[in-house]
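All values derive from a computational prediction rather than experimental measurement.
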Amino acid sequence: MPRLRRVNQSYQKEEKQKETNLKNRQKSIKEVEKERRETVLGVALGNDNKGFALLQKMGYKRGQALGKKGDGIVEPIPLNLKTDRGGIGHEEMKKRKAAEDLENYRRKIQMSKCNEEQAADDFRLRMKSKKEKLKQEADLRRSQRACLHLDEQKGVQTPRESWYWPATGQQEEDEEVEEEDDDPEEDLNTLDKLQILTSYLRGEHFYCVWCGTAYQDENDLCANCPGNTSEDHD
């Protein structure tokens, strides 16, 4: 117990010494200025203030808002003390730059999103175009086989055009040589060949490759076939 009492007494002495040191310590200039500023700002303006006296002469009453209609400020404009080393307007410039950076970032995100959507649309269009091209090539091969079969039934020995019938190995080599000699502008793509051959089959044989039927005559073809394209048969 005596030892514990001595410890408590020692602790109390230290606390008193600290309080004494704080009271006797000389305050810094900033601390003194802060205390004076808080003291002055904490006191309302009195009649000895020239500005306040002028307001009272013009009919102003304490606690009343400024303005002809009384919709102005009631309290004085607060004092914003500048403590950093930045120049005047530096904070506004930082805020403006931060806002610009944010806007640029949002614009970049929006552009990236638009680019991704455009890339997805382009990919879908390429896949659709590729699928349509493969379907056209398949329809052309079917039309060529049907044309060969129907022409042979009529006793036709040679096709009207070389590509009307399916090409054999030798014919493919001959066509490659002819394509090298021909003008590129006169070449027909798959869709052009399919349309021409479809017209030939419908006109000469009353045959529709998508119906898979050889009709009796033109009237029968027009009455029962939905159309002369693949889309008409979907």
Euclidean distance, [Y] [atom2] relative to [X] [atom1], rounded to 0.5 Å:
X	Y	atom1	atom2	result
Thr158	Trp165	OG1	CH2	6.5 Å
Asp101	Arg106	CG	CZ	12.0 Å
Leu148	Ser143	CG	OG	12.5 Å
Arg202	Cys222	CZ	SG	7.0 Å
Asp151	Gln144	CG	CD	12.0 Å
Asp139	Lys193	CG	NZ	15.0 Å

Okay, side chain of Lys154, backbone of Glu204: is any donor-acceptor separation there less than 3.5 Å?
yes
For the pair Thr198 (side chain) and Leu194 (backbone), establish whether a donor and an acceptor sit closer than 3.5 Å, ignoring hydrogens and angles.
yes
Got [X] and [Y] here, is their nearest side-chain heavy-atom distance under 4.5 Å?
X	Y	result
Leu197	Leu140	yes
Arg145	His149	no
Gln195	Ser199	no
Tyr200	Leu150	no
Glu100	Arg96	yes
Cys225	His233	yes
Tyr164	Val156	no
Lys135	Lys131	no

Side-chain ion pair, Arg126 and Asp122, N-O less than 4.0 Å:
no
Can we say Arg124 and Asp121 salt-bridge, meaning some charged N sits less than 4.0 Å from an Asp/Glu carboxylate O?
yes
Could you walk me through whether Leu54 and Tyr60 pass the side-chain contact (heavy atoms from CB on, under 4.5 Å) check?
CA-CA 9 Å; Leu54 290 173; Tyr60 175 77; over 6 Å; no
Side chains of Asp232 and Trp210: donor-acceptor distance under 3.5 Å anywhere?
no
Evaluate the side-chain contact (heavy atoms from CB on, under 4.5 Å) criterion for residues Tyr215 and Asn224: first the C-alpha distance (whole Å), next the side-chain angles of each, then the deciding distance (0.1 Å), finally the verdict.
CA-CA 9 Å; Tyr215 294 93; Asn224 297 290; 3.6 Å; yes
Could you go through the side-chain contact (heavy atoms from CB on, under 4.5 Å) check for Lys13 and Gln17 one step at a time?
CA-CA 6 Å; Lys13 288 182 180 179; Gln17 186 64 35; over 6 Å; no
Would Glu14 and Ser10 count as a side-chain contact (heavy atoms from CB on, under 4.5 Å) here? Give the steps.
CA-CA 6 Å; Glu14 290 180 359; Ser10 176; 4.1 Å; yes
